[in-house]
Structures are given as C-alpha cells and as structure tokens.
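Note: hydrogens, waters and symmetry copies are ignored here, and every other heavy atom, side chains too, is used.
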Amino acid sequence: MSDQRILWGVGTPRTLRAHWALHELDLTYETRPIQSRTGETQTAQFTALNQRQKIPVLQDGDLTLTESAAIVVHLSDRYASDANRLIPVAGTQRAQVLEACFFIISELDATALYVIRRHEGLPQIYGEAPAANEAARVYFGKQMRTVEQLLGDGRAFLLGGDFTAADLLLSTCIGWARFCRIDLSERVQAYNKAIVARPAHAAATRRNEIPT
C-alpha cells in the first residue's frame, strides 16, 4: 500500500476535522481544495471517489474513506504512537472516546447544527423552516448539558487527561455553533479557547482555507 495521502475538501467544519487530525498526528498529505456546492463535488472524477458527492474524502494509499469522524478514527488507528494518539487502542478508554465521538456527530452535528445549515444557511435549496431552526438550537443547548457536566470539574479535555478525537470533533461543533450565533457558556468558551490554541489546529485551519 502506498504511503501517499490526499485529502479532498476545504472550507467547512467537517473538512477541518480531517485536516486537524492529519496535523495532530504530524502526517504529510496533499490537499485537493474543492468546495461544497460549487459543482466540484459533482465531477466524474470526484463522484468515482464518493458517490454521495460530499467532502471530506481521504485517499490513504489504496484506501478511500469518507465521513469526517471515520477519517479521524482511521488516522489515529493507523498512524498514532503511544505518545500521540487521538483514540485509545482498546479497552474502556477507547469505548468512552468512541461513545463521545458518536454523540457529538449524531446529536450535535447532524441533529442540530446541520439542520440550521440546511434551512437557515441554504433556504434556496432546502426551504425555509424557522420552527425547525429554533428547535435545533434548543436541542443543541439541551445536548450540550452533557458537555457542561463533564467540564464542570475544570478539566482541560472532555474525557480527562489527554486530548482525543472527542475534543477535536467537539471543538469543530463549538466553532460551528458560534457561526450560527448559538449562545455558549463561559465554561465551554474557555475550554474551546484552549483547544483551538493547539498548533495543529492553526496549521489545519490554514490548510482548510478556501483559495482566493
């Protein structure tokens, strides 16, 4: 299997996750800076990689992988070292990190933030739905209570002692929520301020920028 890595996609919280994981693990890669809803995901070349025509897509040698959280898990499982790991190898800690990741992706991202993205950010495609938008904002706040409880003891990272994929995914959702003008507690904002100060986040943000 080739060691070449190519990441398709820039400009969204979901593409940022993949860039961020690559930088956290100090991996080299090429970027294909295509964007959503520009027609670039609908070309024959890209559709051959991902029939769903969504970004990000990671080509890692002979493996082509879609879905931002799956990309993060794969990169950690394949390339992490004992000193630098986004997801534990096995046991209770791995289960807890994966549980947090699935919660973040399903309850914060898909069920709340993406509803707002569709109906508030892209009403010309998905239609206006102010009631759905408001319900999504309320739901996001309700689900964030879990996060608030975990951070209540002053911990630096969501699950305790180390930065994990859960922090990476959560931080992108917090950033997305801020963009959507969702109120966030001071505790959550302080937590995220420290997370985004990581050098890998700054490097990933630069790689995730839309070309001008």
Side-chain angles (χ1 to χ4, degrees), residues 1-36 40-41 45-110 156-176 195-209:
M1 181 178 285
S2 168
D3 288 334
Q4 183 180 27
R5 289 174 290 273
I6 301 172
L7 180 61
W8 296 72
V10 296
T12 77
R14 291 172 175 172
T15 56
L16 176 60
R17 294 166 185 163
H19 287 283
W20 192 352
L22 285 158
H23 283 278
E24 286 287 348
L25 296 168
D26 198 26
L27 298 173
T28 58
Y29 66 102
E30 298 179 17
T31 301
R32 299 288 185 269
I34 69 171
Q35 302 169 55
S36 296
E40 294 170 300
T41 63
Q45 180 188 19
F46 186 76
T47 302
L49 295 176
N50 185 6
Q51 292 289 327
R52 294 188 292 275
Q53 298 181 326
K54 296 278 191 174
I55 52 176
V57 170
L58 175 69
Q59 290 179 279
D60 187 4
D62 297 331
L63 173 67
T64 298
L65 197 60
T66 69
E67 301 301 326
S68 59
I71 290 170
V72 173
V73 172
H74 161 71
L75 290 171
S76 182
D77 283 352
R78 183 172 182 189
Y79 296 108
S81 66
D82 289 340
N84 185 20
R85 191 175 297 282
L86 298 176
I87 299 179
V89 175
T92 300
Q93 288 184 323
R94 180 179 178 86
Q96 290 172 334
V97 171
L98 290 176
E99 177 191 32
C101 290
F102 297 155
F103 159 73
I104 292 161
I105 291 299
S106 62
E107 302 296 341
L108 300 182
D109 179 319
F157 304 116
L158 185 64
L159 297 178
D162 298 311
F163 178 86
T164 70
D167 296 291
L168 187 158
L169 297 176
L170 177 59
S171 179
T172 60
C173 284
I174 292 171
W176 194 350
I195 295 295
V196 300
R198 297 175 68 84
H201 179 270
T205 299
R206 290 192 292 270
R207 293 290 288 270
N208 193 51
E209 290 178 350

From [atom1] ([X]) to [atom2] ([Y]), nearest 0.5 Å:
| X | Y | atom1 | atom2 | result |
| --- | --- | --- | --- | --- |
| Thr64 | Leu49 | OG1 | CG | 5.5 Å |
| Leu159 | Asp167 | CG | CG | 6.5 Å |
| Thr15 | Leu7 | OG1 | CG | 7.5 Å |
| Phe163 | Arg198 | CZ | CZ | 4.5 Å |
| Leu16 | Glu209 | CG | CD | 10.5 Å |
| Leu65 | Leu75 | CG | CG | 8.0 Å |

Could you go through residues 95-108 and list every donor-acceptor pair under 3.5 Å that involves a side-chain atom there, pairing it with any protein atom two or more places apart or in another chain?
{"from": "Ser106", "atom 1": "OG", "to": "Phe102", "atom 2": "O", "distance (Å)": "2.7"}
{"from": "Glu107", "atom 1": "OE1", "to": "Tyr139", "atom 2": "OH", "distance (Å)": "2.2"}

Review point. Does Glu40 CD have over 12 foreign heavy atoms under 6.0 Å away?
Key: yes

Practice item. With side chain to side chain contact (heavy atoms under 4.5 Å, CB included) as the test, would you mind laying out the steps for Phe157 and Ile195 before giving the verdict? Key: CA-CA 8 Å; Phe157 304 116; Ile195 295 295; 3.7 Å; yes

Does any part of the side chain of [Y], heavy atoms only, come nearer than 4.5 Å to the side chain of [X], both counted from C-beta?
| X | Y | answer |
| --- | --- | --- |
| Trp8 | Thr31 | no |
| Ser171 | Arg17 | no |
| Lys54 | Thr41 | no |
| Ile6 | Arg32 | yes |
| His19 | Val10 | yes |
| Ile71 | Pro56 | yes |
| Trp20 | Thr172 | yes |

Review point. Yes or no on side chain to side chain contact (heavy atoms under 4.5 Å, CB included) for Thr66 and Asn50, after CA distance, side-chain angles and deciding distance?
Key: CA-CA 7 Å; Thr66 69; Asn50 185 6; 3.5 Å; yes

Review point. What's the verdict on side chain to side chain contact (heavy atoms under 4.5 Å, CB included) for Leu86 and Val72, showing C-alpha distance, side-chain angles and the deciding distance?
Key: CA-CA 8 Å; Leu86 298 176; Val72 173; 4.1 Å; yes

Exercise for review: Give the C-alpha distance, both sets of side-chain angles, the deciding distance and a yes or no for salt bridge (charged side-chain N to carboxylate O under 4.0 Å, His left out) between Arg85 and Glu24.
Suggested key: CA-CA 9 Å; Arg85 191 175 297 282; Glu24 286 287 348; over 6 Å; no

Study note, to complete from the structure: Given the options Asp109, Asn208, Ile55, Arg14 meets side chain to side chain contact (heavy atoms under 4.5 Å, CB included) only with Asp109

Point to revise | Between Tyr79 and Asn84: side-chain donor-acceptor atoms closer than 3.5 Å | key: no

Point to revise | Modelled atom types, side-chain donor and acceptor of Gln59 and Glu30, under 3.5 Å | key: no

Point to revise | Partner of Asp60 under side chain to side chain donor-acceptor pair (under 3.5 Å), chosen from Gln4, Arg78, Arg5 | key: Arg78

Practice item. Establish, for the pair Arg207 and Tyr29, whether the NZ or CZ atom is under 6.0 angstrom from the six-membered ring centre and no further than 45 degrees off its axis. Key: yes

Practice item. Determine, stepwise, if the pair Asp77 / Arg94 fulfils side chain to side chain contact (heavy atoms under 4.5 Å, CB included). Key: CA-CA 11 Å; Asp77 283 352; Arg94 180 179 178 86; 3.1 Å; yes

Point to revise | Partner set under side chain to side chain donor-acceptor pair (under 3.5 Å) for Ser76, not counting sequence neighbours | key: none

